[in-house]
S.K.: 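Shown below is the structure under consideration.
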Amino acid sequence: MSYILDRRLNSKNKSAVNRARFLKRYRGHIEEAVREAVTKRSITDMDRGEEISIPTRDISEPVFSHGNGGRRSVVHPGNKEFVAGDRIKRPSGGGSGGGGGQASKDGEGLDDFVFQLSRKEFLDFMFADLELPNMIKEHLKGDASQRYVHAGYSNDGVPSKLAVVRSLRAAKARRLALCSGPRRKLREAKEALAQAEEDDDEVNSRRLQMEVDTLRRRIDRVPFIDTIDLRYNLHIKEPVPTSQAVMFCLMDVSGSMDQHIKELAKRYFLLLYLFLEKNYERTDIVFIRHHTTAKEVDEQEFFYSRETGGTVVSSALTLAADIVDQRYPVNEWNIYMAQASDGDNWGDDSPKCRALLEERLLPLVQYFTYVEITRRDHQALWQEYEKVGEKHAEIFAQQQIRGAEDIYPVFRELFKKKVAA
C-alpha cells in the first residue's frame, strides 16, 4: 500500500498560487507566444496583455495507475481479425498536427486551451533574464536610501510589533524562576502525604494536606504571562547605498531615415523604455534626437516629432557628453547610452564619432549600445564602431536590425544577463 502526502499550505489566494504554478509549467509556450506578439504589435499597444493558446496535447495531466508488470501477450476476446504478433497499420486520414482538436462524427472535440496574460505577466515574460550590465556605483541619497532593520527587542512598543515567541520565552523563564522551588516542595510534600496516609498518621496527614494546598495556591497565583514578559520588535533606520542610473536614448531622425526605419527605431526605444520603467525605479531617461544638430527633447517629442534634416551623428554624442558633465557626476551615476541609426553619416564625421566614443564617452559609461537599422551593406559608421568594439567589448555592443522581427531578439541579445564565470 502506498500513500501520497500533500504538505502544501492552503493559501488565502489559491487561484493566484495555481496561476503562478501554471505559468511556470508552460513557460516555454508562453515565451514563444510573447516573442510573436512583440513582433506583430504596433508601437501604441506594445505593453498590453496577450491571449495565449496552448495545444490540448501539451496540457494533459499525469495519472497514477496499476502497472501490468512483467511481459504479457494478450489477444482480447471478440477479436476476429488479428492474432498475437500481427502488426497493425496506421489509420489513414487526419494528421496528429494542427492547432485544432480531434474531429468526430458527432461534431465534438477539444479546442486549444486559451487564457489571458495580464499586462504585468506579459512584461515579466518579455523582460525575463534581462538587466542593465555593470550597475555597480552606489551612493547615499535622501530618504529613499533609508531602510528599517531589526535591531533586537524592546520592553515597550505597539501591539503590532509584539514578538510573540520572545514574549512566551520570557514568561516561561519567569515561571521557572518563581515556581521551581515551590514545585519541588510540593513534590516532596505529596510524597510525605502519601507515606503518612499509608501509616494512618492523621495528624501529619492533615498538616501535610494543608501544606500541599498552600503550595498549589502559591503556584497558581503565578500568571502564565505578565506585562513584564512582553517583548516588542525594535526597528531602526539604517542608511543603504542605492544604485541610480541614467539612460541616454540617441535616435537619428535625418532624411535618410524613412518612415519605416523610424518606426522600427521607435519600437526599439519603446521596448527599452518599458524595460527601464518596469525593472528600475531610480532611472533617469534622457531623450536626444539628431540630424545635422542634436537636441534634448521630452518623451512626447522624441517619439512623435516630425522634424528632420541632414546627418551629423557626432552632434548627438557631443550633446550626450555635455549633459553628463553638467548633470550626472560619474562617481554617483551608472550611465548608459543606446544609439539607433540607419548608418548613413556625413562624410568625415564617422571617424570623429569613433574618437568621441573612445576619448569622451566610454570612460564615462557603464555600457554603450549601437543599433543599425538597415537592409543595406554597412557603411563607414558601422566600420568605425567595429574598431571601438574590438578594444572595448566589455562595455560596447552593436547589432543590426533588418526588420520588425529582429527588434526583440536584438534587444534581448544586447541586455541579456551576464553569466558569472
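Numbers here simply count residues along the sequence, with the first being 1. Note that the structure is predicted; figures quoted are calculated from it, not measured.
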S.K.: Which residues pass the salt bridge (charged side-chain N to carboxylate O under 4.0 Å, His left out) test with E301, sequence neighbours left out?
M.R.: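 Partners of E301 under the salt bridge (charged side-chain N to carboxylate O under 4.0 Å, His left out) test: K295.
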S.K.: Ring centres under 6.0 Å, that's the criterion: do F302 and F269 meet it?
M.R.: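 Ring centroids of F302 and F269 are less than 6.0 Å from each other.
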S.K.: Return the set of residues passing salt bridge (charged side-chain N to carboxylate O under 4.0 Å, His left out) with K190 (not counting sequence neighbours), or none when no residue passes.
M.R.: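 Here no residue qualifies.
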S.K.: Run the salt bridge (charged side-chain N to carboxylate O under 4.0 Å, His left out) test against K172 and tell me which residues pass, sequence neighbours left out.
M.R.: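 If we apply the salt bridge (charged side-chain N to carboxylate O under 4.0 Å, His left out) test to K172, skipping adjacent residues, there are no hits.
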S.K.: Under 4.0 Å between a Lys/Arg side-chain N and an Asp/Glu carboxylate O for K266 and E263?
M.R.: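 No, this pair does not count.
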S.K.: For K278, which residues count as a salt bridge (charged side-chain N to carboxylate O under 4.0 Å, His left out) partner, sequence neighbours excluded?
M.R.: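 In terms of salt bridge (charged side-chain N to carboxylate O under 4.0 Å, His left out), with neighbours along the sequence ignored, K278 is linked to D124.
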S.K.: Which residues pass the side chain to side chain contact (heavy atoms under 4.5 Å, CB included) test with R169, sequence neighbours left out?
M.R.: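 With sequence neighbours excluded, R169 shows a side chain to side chain contact (heavy atoms under 4.5 Å, CB included) to V165, R166, given in chain and number order.
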S.K.: What verdict does the side chain to side chain donor-acceptor pair (under 3.5 Å) test give for Q383 and H378, after you've listed the backbone C-alpha separation in whole Å, the side-chain angles of each residue and the deciding distance to 0.1 Å?
M.R.: CA-CA 7 Å; Q383 295 162 2; H378 297 302; over 6 Å; no
S.K.: Kindly write out the residues that satisfy side chain to side chain donor-acceptor pair (under 3.5 Å) with E296, not counting sequence neighbours, or none if the list is empty.
M.R.: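 Listed in chain order: R327.
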S.K.: May I have the step-by-step check of salt bridge (Lys or Arg N to Asp or Glu O under 4.0 Å) for K185 and E188, ending in yes or no?
M.R.: CA-CA 5 Å; K185 292 180 181 178; E188 294 172 353; over 6 Å; no
S.K.: Between A171 and I225, which heavy-atom pair has the shortest distance, and what is it?
M.R.: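 Taking every non-hydrogen atom into account, CB-CG1, 3.9 Å.
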S.K.: For R87, which residues count as a side chain to side chain contact (heavy atoms under 4.5 Å, CB included) partner, sequence neighbours excluded?
M.R.: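 Partners of R87 under the side chain to side chain contact (heavy atoms under 4.5 Å, CB included) test: none.
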S.K.: What residues, two or more places apart in sequence or in another chain, satisfy side chain to side chain donor-acceptor pair (under 3.5 Å) together with E413?
M.R.: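 By the side chain to side chain donor-acceptor pair (under 3.5 Å) rule, E413 matches K416.
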S.K.: For D377, give me all partners under side chain to side chain contact (heavy atoms under 4.5 Å, CB included), at least two apart in sequence or on another chain.
M.R.: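 Counting only residues at least two positions away or on another chain, D377 forms no side chain to side chain contact (heavy atoms under 4.5 Å, CB included).
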S.K.: Got a second to check how far L162's CG is from N233's CG, nearest 0.5 Å?
M.R.: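 That separation rounds to 8.0 Å.
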S.K.: Can a cation-pi geometry be assigned to R354 and Y385, taking NZ or CZ under 6.0 Å from the six-membered ring centre and within 45° of the ring axis?
M.R.: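 Pair R354/Y385 does not count as cation-pi.
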S.K.: What residues form a side chain to side chain contact (heavy atoms under 4.5 Å, CB included) with S256, not counting sequence neighbours?
M.R.: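 With sequence neighbours excluded, S256 shows a side chain to side chain contact (heavy atoms under 4.5 Å, CB included) to S254, T311, D342, D344, given in chain and number order.
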S.K.: Is it true that, when you exclude R218 itself, more than 12 heavy atoms of the residues, nucleotides or ligands shown sit nearer than 6.0 Å to its CZ?
M.R.: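 No, because the 6.0 Å sphere around CZ of R218 holds 12 heavy atoms or fewer from other groups.
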S.K.: For R306, is the CZ atom crowded, meaning more than 12 foreign heavy atoms sit under 6.0 Å from it?
M.R.: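 Check fails, neighbour count at 12 or below.
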S.K.: Under the rule for side chain to side chain donor-acceptor pair (under 3.5 Å), what residues qualify as partners of R360, not counting sequence neighbours?
M.R.: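 Listed in chain order: D322, D325.
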S.K.: What residues, two or more places apart in sequence or in another chain, satisfy side chain to side chain donor-acceptor pair (under 3.5 Å) together with R183?
M.R.: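 Checked R183 against side chain to side chain donor-acceptor pair (under 3.5 Å); zero matches.
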